[in-house]
Amino acid sequence: QVQLVESGGGLVQAGGSLRLSCAASGRTDSTYRWGWFRQAPGKDREFVASIRWSGGNRYYADSAKGRFTISRDNAKNTVYLQMNSLKPEDTAVYYCAAARLVIRGTRPDEYDYWGQGTQVTVSS
């Protein structure tokens, strides 16, 4: 069993930056992939970025490429999402997720474990 706790959300002006953190408790290993998803009001949960436990094989949604960076610190069992050049359309609840034995991890249904989410609001 893996528990995930996100932090780092908040209110920021357009063009600003935030770094989200996701701390995991429980056993994780090289078979895991971490993912970040987001969900705006009235919309489906959508993929943002994913990374292998080893740190390789990063994937990004087109909306995140060039602005967001996913990384992890295995010693701290924590995954991060650095978000720069934020836009109002990035406003959403951001969720961290963990999955075993997936290749890209771009679909929510691939993930076994989810955090409670952290709100990101970008004002114009």
Side-chain angles (χ1 to χ4, degrees):
Q1 193 78 342
V2 176
Q3 290 80 41
L4 304 172
V5 178
E6 302 98 334
S7 61
L11 173 64
V12 64
Q13 288 188 331
S17 298
L18 283 174
R19 188 177 81 155
L20 306 183
S21 300
C22 173
S25 60
R27 180 179 172 84
T28 59
D29 56 34
S30 60
T31 64
Y32 275 82
R33 174 169 285 274
W34 306 87
W36 283 100
F37 290 77
R38 66 187 184 186
Q39 189 166 18
K43 295 189 176 181
D44 293 335
R45 192 166 297 189
E46 65 174 9
F47 171 73
V48 177
S50 72
I51 187 171
R52 283 185 60 183
W53 184 89
S54 64
N57 296 107
R58 291 174 171 88
Y59 295 100
Y60 295 93
D62 287 344
S63 59
K65 288 177 183 175
R67 300 188 300 127
F68 294 1
T69 302
I70 189 171
S71 62
R72 94 284 173 263
D73 183 335
N74 288 342
K76 296 182 178 179
N77 224 13
T78 299
V79 64
Y80 304 97
L81 184 69
Q82 177 67 44
M83 304 186 295
N84 299 327
S85 302
L86 283 161
K87 305 174 182 179
E89 51 263 45
D90 295 318
T91 295
V93 177
Y94 283 71
Y95 296 91
C96 174
R100 291 189 67 236
L101 302 173
V102 297
I103 298 175
R104 293 173 58 93
T106 59
R107 301 193 321 266
D109 63 3
E110 296 181 277
Y111 287 81
D112 304 302
Y113 305 103
W114 291 87
Q116 82 288 350
T118 185
Q119 177 70 46
V120 171
T121 303
V122 184
S123 63
S124 57

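Sequential numbering from 1 along the given sequence is applied to the chain's residues.
- A donor-acceptor pair is defined here as one N or O able to donate and one able to accept, closer than 3.5 Å; no such pair exists between the side chain of Asn77 and the backbone of Ser25.
- For Arg38 against Ala92, the heavy-atom pair with the smallest separation is CB-CB, 3.8 Å.
- Annotation for Ser54 and Arg72: closest pair O-NH2, 2.9 Å, computed over non-hydrogen atoms.
- Nearest heavy-atom pair, Ala14 versus Ser124, reported as atom, atom and distance to 0.1 Å: CB-CA, 4.4 Å.
- Val12 and Tyr80 end up in different hydrophobic clusters when Ile, Leu, Val, Met, Phe, Trp and Tyr side chains are linked at under 4.5 Å.
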- Message: Between Trp53 and Thr31, is the side-chain contact (heavy atoms from CB on, under 4.5 Å) condition met? List the steps.
- Response: CA-CA 7 Å; Trp53 184 89; Thr31 64; over 6 Å; no
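- Distance check, rounded to the nearest 0.5 Å: CD of Gln39 to CD of Glu46 gives 9.5 Å.
- In this structure, the side chains of Tyr95 and Tyr111 stay at 4.5 Å or more apart for every pair of heavy atoms.
- Considering all non-hydrogen atoms of both residues, Asn57 and Arg52 come closest at OD1-CD, 3.0 Å.
- Tracing side-chain contacts under 4.5 Å through hydrophobic residues (I, L, V, M, F, W, Y), one never reaches Val93 starting from Val48; they form parts of separate clusters.
- No single ILVMFWY cluster, assembled from side-chain heavy atoms under 4.5 Å apart, contains both Ile51 and Tyr59.
- Panel note: side chain Glu6, backbone Gly117; a donor-acceptor pair is recorded below 3.5 Å.
- Smallest separation of non-hydrogen atoms from Thr78 and Lys76: OG1-O, 2.9 Å.
- Note that CG of Asp112 and CD of Gln1 are 9.5 Å apart. Values are rounded to the nearest 0.5 Å.
- Between the CZ atom of Phe68 and the OG atom of Ser17 there is a distance of 9.5 Å, given to the nearest 0.5 Å.
- For the pair Tyr60/Ile70, a side-chain contact is recorded, criterion being any heavy-atom separation below 4.5 Å from C-beta on.
- Open room surrounds CD1 on Ile103; 12 or fewer heavy atoms of other groups in view lie less than 6.0 Å from it.
- The CG atom of Asp29 lies 6.0 Å from the CZ atom of Arg100; values are rounded to the nearest 0.5 Å.
- Put simply, the side chain of Trp114 reaches to within 4.5 Å of the side chain of Arg45, judged on heavy atoms.
- One distance of note links CE of Met83 with OG1 of Thr69; it measures 11.0 Å at 0.5 Å rounding.
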- Residue pair Thr91, Gln119: steps toward the side-chain contact (heavy atoms from CB on, under 4.5 Å) verdict: CA-CA 8 Å; Thr91 295; Gln119 177 70 46; 4.0 Å; yes
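- Taking CH2 from Trp36 and CG from Leu20, the interatomic distance works out to 4.5 Å, rounded to the nearest 0.5 Å.
- A salt bridge does not link Asp90 with Lys87: none of the charged nitrogens is closer than 4.0 Å to a carboxylate oxygen.
- Among residues two or more places apart in sequence or in another chain, the ring-ring contact (aromatic ring centres under 6.0 Å, His included) test is passed with Phe47 by Phe37.
- Thr118 approaches Gly9 most closely through the heavy-atom pair OG1-N, 3.2 Å.
- No hydrogens or angles considered: a donor-acceptor pair under 3.5 Å links the side chains of Ser50 and Arg33.
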